[in-house]
A.B. asks: 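Structure in structure tokens, see below.
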There are 2 protein chains.
Amino acid sequence: MVVSDAPRRAGTPKSSARSKSEQRAETTQHILDAAEALFSRHGLHGVTLGQVAKAIGVHTSLVHYYFSDKRALFDAVIERRAPVTASKRIQAMDAYEASVGEAVTLEGALHAFLDTDLDAYRTGGEAWRNFGALAAQVANTPEWGAEIMNRLMDPVVMRLIALLKKAMPEMSDEDIFWGYHFVSGALLTTLARTGRIDVLSGGLCRSEDFASIKRRMATFMAGGFRAICEQERNGTAPA
Amino acid sequence: MVVSDAPRRAGTPKSSARSKSEQRAETTQHILDAAEALFSRHGLHGVTLGQVAKAIGVHTSLVHYYFSDKRALFDAVIERRAPVTASKRIQAMDAYEASVGEAVTLEGALHAFLDTDLDAYRTGGEAWRNFGALAAQVANTPEWGAEIMNRLMDPVVMRLIALLKKAMPEMSDEDIFWGYHFVSGALLTTLARTGRIDVLSGGLCRSEDFASIKRRMATFMAGGFRAICEQERNGTAPA
DNA sequence: ATTATCTATAGATCTATAGATAATGC
DNA sequence: ATTATCTATAGATCTATAGATAATGC
């Protein structure tokens, strides 16, 4: 956790030759960064605008100058990154399908869907990792923020669903959606990076180790889809 | 969502012949129920003691009379149910192992671990379902409540890990723990019951339908474990 | 005589706004 | 002349406590 709560003056270089639009852009980003870090750890209601302002060394009222209220700030945090990862992932899935044509596989579809996202959080620096943790929180707390996040993410999910159906045409829609439900839960817990797996495994696995997760996740989930597909076919569903 | 925010008087039957200890016990449970419902939707910081008190028609100061402060109330909400489900699940896993001896399977272990929990939330009424949603939130928001919850749940997880190792002795500890990480994420998203899968699937799947999840989840996860085990054996892990 | 509940209130935030000051823009 | 930032503050909570009232306990 490098983005500390310690003041990191935003307005400090008052002598530097920043144009007003640069100043505006920089301060806006600083506010969003600080808000993202704080919201990701404490939730919408666990953060005050004063804390956000203090984190970057400006006055609370400046936050109001740029964002009408707390909720608008929160929404802006989501709107800043969600569309970026959404379009990357759709592109990755489009590219995958274009490259294999009809030969779509479960693993291929899941890799396109998952790896693109894991990479964004893995290589995007701390700000992106904070956003990932926030996304995980929002997803399990529908009261705040879920609408925006879901609206932006729906097309990504539906793109994956389409690929999964193509890979497994014999699979029922119900099984596909439940499978997606499991995939999404596992991904969100990954993004939350709580350090829980570190403790449970005695340090063998680390929450931050997205490379290890990337190496296993698509394979694991593809195996899961096949298993429920098989179960349906055999009618071996236990009561 | 039946537990509404509308006042449901706790102190109303002042004429009824309740002993003081009964009164104490009832009011305590009412406060915990209301707090559980509210915390599960809005998080620790999104709920005021006034809202909790209002939900059951008593004065805010009565909440302080029973619980020293907000954090104590939050912790009490977790302490009330977590040990119950924890011991049930350990018993279920013990019973499973006792019944099959050395012939532990992935599916068997996962069914014991998952189904017991899903049943608690499925048949335990709204209060339990609220607790499940709260657990899901807490798990992804380490700042509040995760310590208590994790401390109470650690033995349950380690019991599962032991069974999984017995079922798959050739599997590496790392793979087992990462597999658990995926299982846990999928379970928590299930408990969150956000209604997201309902929207995505156009109503085909429902968040509340724990029976459908129970029918698929252990099978799906077992397939996942086998797939990563297979991948390790073949050294087919992609870069 | 004890304890469950309520009334009243102090003190501490927190949000949001109005208005002042100090920069940049032309 | 405009706009970025700060000062000051009103108004609205929210937590927590002290003390009053109304029950039950013996």
Side-chain angles (χ1 to χ4, degrees), chain A residues 5 7-35 38-39 41-77 144, chain B residues 5 7-35 38-39 41-77 144:
Chain A
D5 293 339
R8 154 169 58 102
R9 308 225 102 243
T12 309
K14 286 178 184 162
S15 49
S16 85
R18 292 190 305 170
S19 77
K20 285 209 162 165
S21 65
E22 283 170 346
Q23 223 177 125
R24 166 170 275 270
E26 277 182 33
T27 305
T28 304
Q29 294 305 316
H30 284 155
I31 293 173
L32 288 171
D33 288 343
L38 287 164
F39 283 140
R41 278 169 235 152
H42 311 280
L44 172 63
H45 301 294
V47 176
T48 70
L49 297 177
Q51 290 173 306
V52 173
K54 196 181 174 190
I56 57 173
V58 299
H59 198 271
T60 308
S61 56
L62 195 63
V63 178
H64 278 105
Y65 177 69
Y66 284 106
F67 301 94
S68 59
D69 59 19
K70 195 192 202 177
R71 187 54 199 247
L73 173 59
F74 187 85
D75 290 356
V77 166
W144 22 279
Chain B
D5 294 338
R8 154 170 58 100
R9 309 223 102 241
T12 309
K14 286 177 183 164
S15 49
S16 84
R18 293 191 304 169
S19 77
K20 285 208 162 166
S21 65
E22 282 170 347
Q23 222 177 124
R24 166 170 275 270
E26 276 181 33
T27 305
T28 304
Q29 294 305 316
H30 284 154
I31 293 173
L32 288 171
D33 289 343
L38 286 164
F39 283 139
R41 278 169 235 153
H42 310 281
L44 172 63
H45 300 294
V47 176
T48 70
L49 296 177
Q51 290 174 305
V52 174
K54 196 182 174 191
I56 57 173
V58 299
H59 198 270
T60 308
S61 56
L62 195 64
V63 178
H64 279 104
Y65 177 69
Y66 284 106
F67 301 94
S68 59
D69 60 18
K70 195 193 202 175
R71 187 57 200 247
L73 172 59
F74 187 85
D75 290 356
V77 165
W144 23 279

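Because the structure is predicted, anything quoted here is derived from the model rather than measured. Letters A, B, ... are given to chains in the order of the sequence lines, protein chains preceding strands, and every chain is numbered from 1.
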A.B. asks: How long is the line joining CD1 of A:Ile56 and C1' of D:dA4, in whole Å?
C.D. replies: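 That distance rounds to 13 Å.
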
A.B. asks: Could you state the atom-to-atom distance from CG of A:Leu44 to P of C:dC14 in whole Å?
C.D. replies: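 Going from A:Leu44 (CG) to C:dC14 (P), I get 14 Å.
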
A.B. asks: Does the base of D:dT3 carry an N or O that pairs as donor and acceptor with the side chain of A:Lys20 under 3.5 Å?
C.D. replies: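 Side chain to base: pair found, below 3.5 Å.
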
A.B. asks: Regarding D:dT5, can its base be found pairing with the side chain of A:Thr27 as donor and acceptor, where the two atoms are less than 3.5 Å apart?
C.D. replies: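 Side chain to base: no pair present.
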
A.B. asks: Is there side-chain contact between A:Arg71 and A:Leu44, with heavy atoms separated by less than 4.5 Å?
C.D. replies: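 Contact flag for A:Arg71/A:Leu44 side chains = yes.
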
A.B. asks: To the nearest 0.5 angstrom, please state how far the OH atom of A:Tyr65 sits from the NE2 atom of A:His59.
C.D. replies: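 If I round to the nearest 0.5 Å, the distance is 16.0 Å.
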
A.B. asks: Base, sugar-phosphate, or nothing for B:Leu49, non-hydrogen atoms under 4.0 angstrom?
C.D. replies: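 Since only primed, P, OP1 and OP2 atoms lie under 4.0 Å of B:Leu49, the category is sugar-phosphate.
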
A.B. asks: Which is more 5' along DNA chain D, the nucleotide nearest B:Ser21 or the one nearest B:Ser68? Just name the residue.
C.D. replies: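 Its nearest nucleotide lies further toward 5', so the answer is B:Ser68.
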
A.B. asks: Where the side chain of A:Thr48 is concerned, which of D:dA16, C:dC14, D:dT5 is the nearest nucleotide?
C.D. replies: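 Nearest listed nucleotide: C:dC14.
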
A.B. asks: What is the distance, rounded to the nearest whole Å, between atom CD of B:Glu22 and atom P of D:dT24?
C.D. replies: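 Checked: the CD to P distance equals 11 Å.
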
A.B. asks: What integer distance in Å separates A:Ile31:CD1 from D:dA4:P?
C.D. replies: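 The distance from CD1 of A:Ile31 to P of D:dA4 comes to 11 Å, rounded to the nearest Å.
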
A.B. asks: Just how far is it from atom CG of B:Leu62 to atom CG of B:Leu49, taken to the nearest 0.5 Å?
C.D. replies: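 Answer rounded to 0.5 Å: 11.5 Å.
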
A.B. asks: Quick one: which of D:dA4, D:dA8, C:dT7 gets closest to the side chain of A:His59?
C.D. replies: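 So the nucleotide nearest the side chain must be D:dA8.
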
A.B. asks: Kindly compute the distance separating CZ (B:Phe67) from CG (B:Asp75), expressed to the nearest 0.5 Å.
C.D. replies: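 If we round to the nearest 0.5 Å, B:Phe67:CZ and B:Asp75:CG are 10.5 Å apart.
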
A.B. asks: At less than 3.5 Å, do the side-chain atoms of A:Thr60 and the base atoms of C:dT15 form a donor-acceptor pair?
C.D. replies: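 Per atom types, no contact qualifies.
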
A.B. asks: Rounded to the nearest Å, what distance is computed from the CZ atom of residue B:Arg24 to the C1' atom of nucleotide C:dT2?
C.D. replies: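 Taking atom C1' of C:dT2 as the reference, CZ of B:Arg24 is at 12 Å.
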
A.B. asks: What contact category does B:Tyr65 fall into here, base, sugar-phosphate, or nothing, at under 4.0 angstrom with non-hydrogen atoms?
C.D. replies: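 If one applies the 4.0 Å heavy-atom cut-off, B:Tyr65 turns out to touch a base.
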
A.B. asks: Which nucleotide in the list C:dA16, D:dT5, C:dC6 gets nearest to the side chain of A:His64?
C.D. replies: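 Closest nucleotide to the A:His64 side chain: C:dA16.
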
A.B. asks: Any side-chain N or O of A:Gln23 below 4.0 angstrom from OP1/OP2 of D:dT5?
C.D. replies: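 For A:Gln23, the contact criterion (side-chain N or O under 4.0 Å from OP1 or OP2 of D:dT5) is met.
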
A.B. asks: Could you check which of C:dT15, D:dT17, D:dC6 has an atom nearest any side-chain atom of B:Ser61?
C.D. replies: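 Per side-chain heavy atoms of B:Ser61, the pick is D:dT17.
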
A.B. asks: Do B:Thr27 and B:Ile31 touch side chain to side chain, with heavy atoms closer than 4.5 Å?
C.D. replies: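 Yes, their side chains come closer than 4.5 Å.
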
A.B. asks: May I have the distance from A:Glu26 (atom CD) to C:dA23 (atom P), rounded to whole angstrom?
C.D. replies: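 One finds 17 Å between P of C:dA23 and CD of A:Glu26, rounded.
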
A.B. asks: Using whole Å, report how far CG of A:Leu62 lies from P of C:dA20.
C.D. replies: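 Taking CG of A:Leu62 and P of C:dA20, I get 18 Å after rounding.
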
A.B. asks: Once you round it to whole Å, what is the distance between P of D:dT17 and OH of B:Tyr66?
C.D. replies: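 Taking atom P of D:dT17 as the reference, OH of B:Tyr66 is at 17 Å.
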
A.B. asks: Please determine, for D:dA23, whether a Watson-Crick or G-U wobble partner exists with both distances under 3.5 Å, and give it or none.
C.D. replies: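 For D:dA23, the partner nucleotide comes out as C:dT2, under the 3.5 Å rule.
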
A.B. asks: What's the spacing between A:Lys54 NZ and A:Thr48 OG1 if we round to 0.5 Å?
C.D. replies: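 One gets 9.5 Å once the value is rounded to the nearest 0.5 Å.
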
A.B. asks: In the strands shown, is C:dT7 matched to any nucleotide by a Watson-Crick or G-U wobble pair with both distances under 3.5 Å, and which?
C.D. replies: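 The answer is D:dA18, by the H-bond criterion.
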
